[in-house]
Amino acid sequence: MKNLKNALLLRQLYQLKQLGYKYTSVNIFKEDEPDLTLPNTLETLEKQAKECHLCELSKSRNKVVFGEGSLTATLMLVGDTPSVSDDSAGKIFTGRAGDLLTKMLENVLGLSRDDVYLANILKCRALDTQSPSPTYAHTCHPYILKQIELISPKIIIAFGDLAYQYLSNDDSAMDDVHGTIVEKENYIVIPTYHPNYLLRNPSAKKEVFEDLKKVKVLLEKL
Ligand code: SF4
């Protein structure tokens, strides 16, 4: 029933768009949870995300970057928004930040990208990748929550402020919270700096190394 309601609403929005109306900010809905009915398999969830037009990022994206990796991963890595190269390739954590992430996984945790599941809060690239609008994140975050539910990881590394805030409900600065263990009902969240941040601030690599060592210890105890 909700799907039908959403489909009718979308059809009305498309009709309004054809009449010349423009997309508008969804700030007015900020206090409400997005009315999204999401499927219960990753395959259909990905299909729905790839056809999603719930926020205006759908207008500027080239490709939806849904996420990838092991569907039975114990460890999930969650970032904020696709990069320019992710948006072109339709793949997550590509380019220099992706290379750095792959090296950190291999060198500190002894894992490959295929051993973990990678996803972002936003599935479409935000134009301001360093500080994506919380409005878009609010609209999109049911997708990441559903991915977490379906993958069912034990540990999630939250890369950067946006990922941490949406996974922990805490808006503390990363400088204050990186490496802390946040217990959720079915998993643990550990925040640390985003690989993109490390490219701009290489001195923070030491902190990330220490945070990942904590993750390694936790993984060994599982
Ligand atoms: S960012 Fe998320 S909510 Fe916005 S259009 Fe893309 S998938 Fe849909």
Side-chain angles (χ1 to χ4, degrees), residues 1-14 16-17 23-82 86-87 89-93 116-126 132-170 182 184-189:
M1 198 63 190
K2 258 187 168 180
N3 276 333
L4 179 62
K5 197 174 94 183
N6 287 343
L8 289 170
L9 185 60
L10 276 176
R11 194 178 68 177
Q12 284 173 341
L13 287 171
Y14 284 132
L16 286 170
K17 194 178 168 197
Y23 283 82
T24 185
S25 162
V26 292
N27 267 328
I28 49 173
F29 302 125
K30 197 165 187 302
E31 298 309 318
D32 302 327
E33 281 304 303
D35 184 17
L36 260 183
T37 303
L38 295 174
N40 280 318
T41 68
L42 278 168
E43 196 183 3
T44 43
L45 186 66
E46 181 168 4
K47 188 168 180 296
Q48 183 162 328
K50 285 185 169 169
E51 293 165 358
C52 181
H53 294 273
L54 278 176
C55 80
E56 64 179 4
L57 295 184
S58 64
K59 291 192 297 180
S60 52
R61 74 183 176 215
N62 284 304
K63 289 188 176 152
V64 172
V65 180
F66 180 72
E68 63 190 40
S70 165
L71 305 187
T72 56
T74 304
L75 176 64
M76 192 162 165
L77 314 184
V78 178
D80 45 19
T81 174
D86 296 351
D87 176 62
K91 292 180 72 66
I92 192 166
F93 284 114
V116 300
Y117 192 86
L118 307 156
N120 281 318
I121 301 289
L122 288 170
K123 306 304 179 206
C124 306
R125 187 173 85 86
S133 161
T135 301
Y136 304 138
H138 182 73
T139 309
C140 199
H141 85 280
Y143 284 113
I144 187 67
L145 296 183
K146 194 70 184 181
Q147 280 172 298
I148 292 170
E149 180 190 321
L150 294 171
I151 302 284
S152 196
K154 296 279 181 270
I155 301 172
I156 299 177
I157 301 176
F159 283 117
D161 292 326
L162 190 75
Y164 173 66
Q165 285 161 10
Y166 268 90
L167 297 180
S168 68
N169 274 331
D170 176 17
V182 182
K184 304 295 285 184
E185 196 175 331
N186 297 316
Y187 51 85
I188 283 168
V189 176

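These numbers come from the heavy atoms of this one structure, side chains and all, not from hydrogens, waters or symmetry mates. One is the number of the first residue; the rest follow in order along the sequence.
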If every non-hydrogen atom of Ile121 is compared with every non-hydrogen atom of Cys140, which pair is closest and at what distance? O-SG, 3.5 Å

Sequence neighbours left out, what passes side chain to side chain donor-acceptor pair (under 3.5 Å) with Ser168? Give chain and number order. none

Heavy atoms, side chains only, cut-off 4.5 Å: are Val78 and Ile144 in contact? yes

Any residue meeting salt bridge (Lys or Arg N to Asp or Glu O under 4.0 Å) with Glu46, in chain and number order, not counting sequence neighbours: Lys50

Taking only residues two or more places apart in sequence, or in another chain, which ones meet Phe159 in a ring pair (Phe, Tyr, Trp, His ring centres under 6.0 Å)? none

Hits for side chain to side chain donor-acceptor pair (under 3.5 Å) against Thr44, two or more places apart or cross-chain, chain-then-number order -> Thr41

Can you tell me how far CZ of Arg61 sits from OG1 of Thr81, rounded to the nearest 0.5 angstrom? 12.0 Å

Donor-acceptor contact below 3.5 Å, side chain Asn120 vs main chain Asp80: yes

I want to check something: taking the side chain as every heavy atom from C-beta on, are Val64 and Cys52 in contact at a cut-off of under 4.5 Å? no

Side-chain polar contacts of residues 147-158 - donor-acceptor pairs under 3.5 angstrom, sequence neighbours left out - could you list them?
| residue | atom | partner | partner atom | Å |
| --- | --- | --- | --- | --- |
| Gln147 | OE1 | Lys123 | NZ | 2.6 |
| Gln147 | NE2 | Phe66 | O | 2.9 |
| Gln147 | NE2 | Tyr117 | OH | 3.3 |
| Glu149 | OE2 | Lys146 | NZ | 3.3 |

Enter the distance from Leu77:CG to Phe93:CZ here, rounded to the nearest 0.5 Å. 6.5 Å

May I ask you to check whether over 12 heavy atoms, not counting those of Lys47, lie within 6.0 Å of atom NZ? no

When every non-hydrogen atom of His53 is compared with those of Ser58, the smallest separation belongs to ND1-OG, 3.5 Å

So, using side chain to side chain contact (heavy atoms under 4.5 Å, CB included) as the criterion, who are the partners of Asn62 when residues are at least two apart? Asp87

Might you point out which heavy atoms bring Pro82 and Asp86 nearest each other, and give the distance in Å? CA-OD2, 3.6 Å

Distance in Å, Thr135 OG1 paired with His138 NE2, rounded so as to fall on 0.5 Å steps: 8.5 Å

Quick one: pull up OH in Tyr166 and CG in Leu145 and give me the separation to the nearest 0.5 Å. 10.0 Å

Who passes salt bridge (Lys or Arg N to Asp or Glu O under 4.0 Å) against Lys63, sequence neighbours left out? none

Check against side-chain contact (heavy atoms from CB on, under 4.5 Å), Val182 and Asp170: CA-CA 10 Å; Val182 182; Asp170 176 17; over 6 Å; no

Kindly compute the distance separating OG1 (Thr139) from CG (Leu57), expressed to the nearest 0.5 Å. 8.5 Å

Nearest heavy-atom neighbours spanning Gly79 and Ala163: O-CB, 3.6 Å

